[in-house]
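One structure below.
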2 protein chains.
Amino acid sequence: MREGVEWAVHCCINLSFISPDRAVPAARLAAFHDLPTAYLNKQLNALGRAGIVSSRSGPRGGFRLGREPEKITLMDVAAAIDGSARAFLCTGIRHQGPAGRIAGPAGHRTPCTVSQAFSRAELAWRRRLARQTIAGLADEVRRANPAAPDHVRHWFDRT
Amino acid sequence: MREGVEWAVHCCINLSFISPDRAVPAARLAAFHDLPTAYLNKQLNALGRAGIVSSRSGPRGGFRLGREPEKITLMDVAAAIDGSARAFLCTGIRHQGPAGRIAGPAGHRTPCTVSQAFSRAELAWRRRLARQTIAGLADEVRRANPAAPDHVRHWFDRT
DNA sequence: GGCCCTGTACTCGGATAGTTATTGTCCGAGTCCTACTGG
DNA sequence: CCAGTAGGACTCGGACAATAACTATCCGAGTACAGGGCC
């Protein structure tokens, strides 16, 4: 899993603490966690293409959440950054070489047992991620440190 | 996930169809699925280090399962090939820069909410993989095509 | 005084290098079988 | 005829390149504001 996923999730949580009518430039988001600005911008672009954040150029421009934090799941963020391709790709080696000739044409009709097994595990992973929302994580942060949201908001309010 | 995981699982299933007192060279396993011999050998080495297969050099040498197929899980194989490191690595960016100064030293005592969320999902994935054994998959193959085990065994018996 | 226009500064977005991880290949160390030689 | 031994062939195992993916960076396109000029 790419490192940018971690950055993206933290940025989304931070944005959820900030008034939705206020856009935050990538440079500011990067400075908050001491990250490379240009590269974080790239990740935020990916979030923008997925509709998770909306972007705006020019002065007073920047990024803001594209929809309510209750409707943004970790699965959405992970898919936007990492791609939604399966981790386990069945390349169909059971059809290659002598193995394929043994199974015969009938083998093509039955699904690949190995692929199914990994798909089941991956589905469990996806379901779990799809259940966690940015709003939910923000609440957990608030519970651990009730003052955090205000502190974050104030820091980003400073010019 | 690395491609070698697929190869390794299929090889383990094939080995489970073959008499345990008979070793199969990597070249033969590779030929069965038309795979690059040397690279498959590399993957089998990794399985050997994990104890999933046992290896033997020289004539009549090769690989065989290191323990009963009921005791080899997909998690074991995936960990042997791909490594057992977490997919999501928490680099602790919440402690970097102004964010860390806002949270203060207290922030270091509370666990990272984001990391925990991803860990939960990954745990679900691991549990699911740990429940599937090579023996289980072999049974599924047998159910889909009862003649398959014999065909495989006979093919590998041919010199 | 109000409106329009131009210039400027700011921000995103995609095109461009550098670096790490993965894939693929090769040759040496070790082992077992086989055939030969000597008793 | 049997035992010991030397040779050869086979197989794994780790060291060595090629390729692809990820990470990082830069500059151009577009936008909104601000200041000045004109009506």
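In the text below, chain A, chain B and the rest are named by the order of the sequence lines, each starting its count at 1. Small disclaimer: the values here were computed from a predicted structure and weren't measured. Side chains are part of it too, since the values below use all heavy atoms of this structure and drop only hydrogens, waters and symmetry mates.
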Taking the nucleotide of DNA chain D with the nearest heavy atom to each, does A:Pro36 or A:Arg60 sit closer to the 5' end?
A:Pro36
Check whether any side-chain N or O of A:Arg49 sits under 4.0 Å from OP1 or OP2 of C:dG14, and answer yes or no.
yes
Between C:dT23, D:dA24, D:dC12, which nucleotide has the shortest distance from any of its atoms to the side chain of B:Phe63?
D:dC12
Any heavy-atom pair between the side chains of A:Leu137 and A:Leu74 that's under 4.5 Å?
yes
Per atom distances to the A:Glu3 side chain, the nearest of D:dT23, C:dG24, C:dC26 is D:dT23
Indicate whether any N or O donor in one side chain lies under 3.5 Å from an N or O acceptor in the other, for A:Thr73 and A:Gln132.
no
OP1 or OP2 of D:dG13 versus the side-chain N and O atoms of B:Ser55: is any pair under 4.0 Å?
yes
In whole angstrom, what separates B:Met1's CE from C:dA21's P?
18 Å
Tell me which nucleotide among C:dT23, C:dT25, C:dG30 gets nearest to the side chain of B:Ala38.
C:dT25
Protein-nucleotide distance (A:Lys42, atom NZ; D:dG28, atom C1'), rounded to Å
15 Å
Taking the basic N atoms (NZ, or NE/NH1/NH2) and the acidic carboxylate oxygens, is any pair closer than 4.0 Å for A:Arg120 and B:Glu140?
yes
For A:Pro59 and for A:Asn41, locate the closest nucleotide of DNA chain C by heavy-atom distance; then report the residue assigned to the nucleotide nearer the 5' terminus.
A:Pro59
The nucleotide from C:dT23, C:dC12, D:dC12 with an atom nearest the side chain of B:Ser57 is D:dC12
Kindly indicate whether the side chain of B:Phe32, heavy atoms from C-beta on, has any atom under 4.5 Å from the side chain of B:Val152.
yes
Return the value, rounded to whole Å, for the distance between atom CD of B:Gln43 and atom P of C:dT22.
11 Å
A:Tyr39 OH to C:dG18 C1', in whole Å, measures 13 Å
Using a 3.5 Å distance criterion without hydrogens, assess whether the side chain of B:Arg22 forms a donor-acceptor pair with backbone atoms of B:Phe156.
yes
What is the distance, rounded to the nearest whole Å, between atom CZ of A:Arg2 and atom C1' of D:dA24?
12 Å
Separation of C:dT11 P from A:Leu29 CG (nearest whole Å)
12 Å
Would you mind telling me which of D:dA24, D:dT11, C:dT25 lies closest to the side-chain atoms of A:Trp7?
D:dA24
Separation of A:Leu40 atom CG from C:dG13 atom C1', in whole Å?
14 Å
Between B:Asn45 (CG) and C:dG24 (P), how many Å, whole number?
16 Å
Could you tell me whether B:Ala26 contacts a base, only the sugar-phosphate backbone, or nothing, with contacts defined as non-hydrogen atoms closer than 4.0 Å?
sugar-phosphate
Quick check on D:dT31: is either OP1 or OP2 less than 4.0 Å from any side-chain nitrogen or oxygen of A:Arg56?
no
